[in-house]
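First up is the structure itself, then whatever we jot down about it.
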Amino acid sequence: MSKSAAHSSFLETLYPSWGQQFVMDEVLFEINTEHQHLVIFKNATWGTVMALDGVVQTTEKDEFVYHEMMVHVPMLAHGHAKKVLIIGGGDGGILREVLKHPNVESVTQVEIDQQVIDLCVQYLPNHSAGAYDHPKANIVIDDGVEFVNNCTDKFDVIISDSTDPMGPGEVLFTSRFYQGIKNCLNHDGVFVAQNGVSFLQTDEVKTTFNRLSPLFKEASFYSGAVPTYVGGMMTFAWATDNLALKQVDVATLEARFKQAGLKTRFYTPALHNGSFALPQYILDALKNG
Ligand code: AG3
């Protein structure tokens, strides 16, 4: 990847023999932070794009798909979440969506890399849309694994918005992290996490399932297709001791959605319900895990 000239390109390096490529109309910022390589560039199709360690994290054009599914599915399934914890999520998109729920009393976000927050506020301002200045938001710069294991607070919904399991995100897929989640999740609460693109990262689905299953009554997944996370549908991990949360019917979700006054571009209550239906190859992978 060359960083200066207009019309140089960014080739995603997630997979060894295949990847997506972007024309970089302009590189807005590139840096090796204390934790990872970050680049933010402009592309005519996707708007401003942010990549960490060679992997696309978010684009202006399709970020709503990911952020709405990561937030509104657990929040509306729960129905009365007051305390929410976000791990990672430095671009602020998750925080923005959580704060749209009027019943939320406080949101704690634990991000390891202050520079990701600062650069995203500057170059992707519509992601956080002022959320970092919201009176209900409490931002902690810390290691997520340490935070959840040492935390004495309890949360109703916990959302892990991490990179893939490499670099600083790797620890957010370990049993130690999930143990910490269990420690600070309310008994009727739910934990969700981005879990990769299942067709190409099937092992990740198996590993997460095997690590969550011993800790929670239910470890499961739901899905959504985020265009710039190429390779098909992304799976989101779902872990809870509250078996009712996955079973909430569409009419109840509709009522909660209306009551919260939400306006979405991807999420709908019907889609929420359907997103728990998984293709056979994933069910098989979990069974043979
Ligand atoms: N974090 C998840 C990026 C996952 C990309 N992985 C992939 N394509 N397999 C995104 C941060 C958005 N707030």
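Both counts, for ligands and for their atoms, begin at 1 and track the order of listing.
Interface of Q201 with ligand 1, defined as ligand atoms under 4.0 Å from a residue heavy atom, comprises 9 (N). In the vicinity of H67, heavy-atom distances shorter than 4.0 Å reach the ligand 1 atoms 12 (C), 13 (N).
For L14, the closest heavy-atom approach to ligand 1 falls below 4.0 Å. Within the 4.0 Å heavy-atom cutoff, V56 counts among the residues contacting ligand 1. Ligand 1 has no atom lying under 4.0 Å from any heavy atom of G231.
Residue pairs satisfying the side chain to side chain donor-acceptor pair (under 3.5 Å) criterion with at least one member in residues 71-89, sequence neighbours excluded, are listed as follows: H72-E97, H72-H101.
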Applying ring-ring contact (aromatic ring centres under 6.0 Å, His included), run through F266 and Y66 and close with a yes or a no.
CA-CA 9 Å; F266 188 82; Y66 177 87; over 10 Å; no
From CA spacing to verdict: ring-ring contact (aromatic ring centres under 6.0 Å, His included), F276, W238
CA-CA 10 Å; F276 286 99; W238 169 274; 4.9 Å; yes
What do the steps show when you test K217 against T240 for side chain to side chain donor-acceptor pair (under 3.5 Å), and what is the final call?
CA-CA 6 Å; K217 285 196 187 136; T240 181; over 6 Å; no
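Atom 8 (N) of ligand 1 has Y229 CB, 3.5 Å as its closest protein atom, hydrogens excluded (heavy atom only). Nearest to atom 11 (C) of ligand 1 among the protein's heavy atoms is D161 OD1, 3.1 Å. Scanning all protein heavy atoms for the shortest distance to atom 3 (C) of ligand 1 gives Q57 OE1, 3.4 Å. S162 O, 3.0 Å is the protein heavy atom nearest to atom 1 (N) of ligand 1. Scanning the protein heavy atoms around atom 12 (C) of ligand 1, the nearest turns out to be D91 OD2, 3.1 Å. For atom 7 (C) of ligand 1, the closest non-hydrogen atom of the protein is D164 OD2, 3.4 Å.
Applying the 6.0 Å contact sphere to CD of Q259 captures no more than 12 heavy atoms from other residues, nucleotides or ligands. Applying the 6.0 Å contact sphere to OH of Y123 captures more than 12 heavy atoms from other residues, nucleotides or ligands.
Remark: R265 qualifies as a cation-pi partner of F64 under the 6.0 Å distance and 45° angle criteria applied to the six-membered ring.
Contacts between H127 and ligand 1 below 4.0 angstrom, taking non-hydrogen atoms only, are absent altogether. Contacts with ligand 1 closer than 4.0 Å are made by no heavy atom of E63, backbone or side chain.
If you check the side chains of S198 and Y281, you find a donor sitting under 3.5 Å from an acceptor. A donor and an acceptor atom, one from each side chain of E60 and H127, are nowhere located under 3.5 Å apart. Judged by distance alone, the side chains of N149 and Q179 never bring a donor and an acceptor atom under 3.5 Å apart.
With salt bridges taken as basic N to acidic carboxylate O contacts below 4.0 Å, none links E68 and K100.
The N/O atoms of T228, backbone and side chain alike, include none that comes under 3.5 Å of an N/O atom in ligand 1. Every N/O-N/O distance between T58 and ligand 1 stays at or above 3.5 Å. Between E12 and ligand 1, no N or O atom pair is found at a separation short of 3.5 Å. At a 3.5 angstrom cut-off on N or O pairs, Q194 does not count as close to ligand 1.
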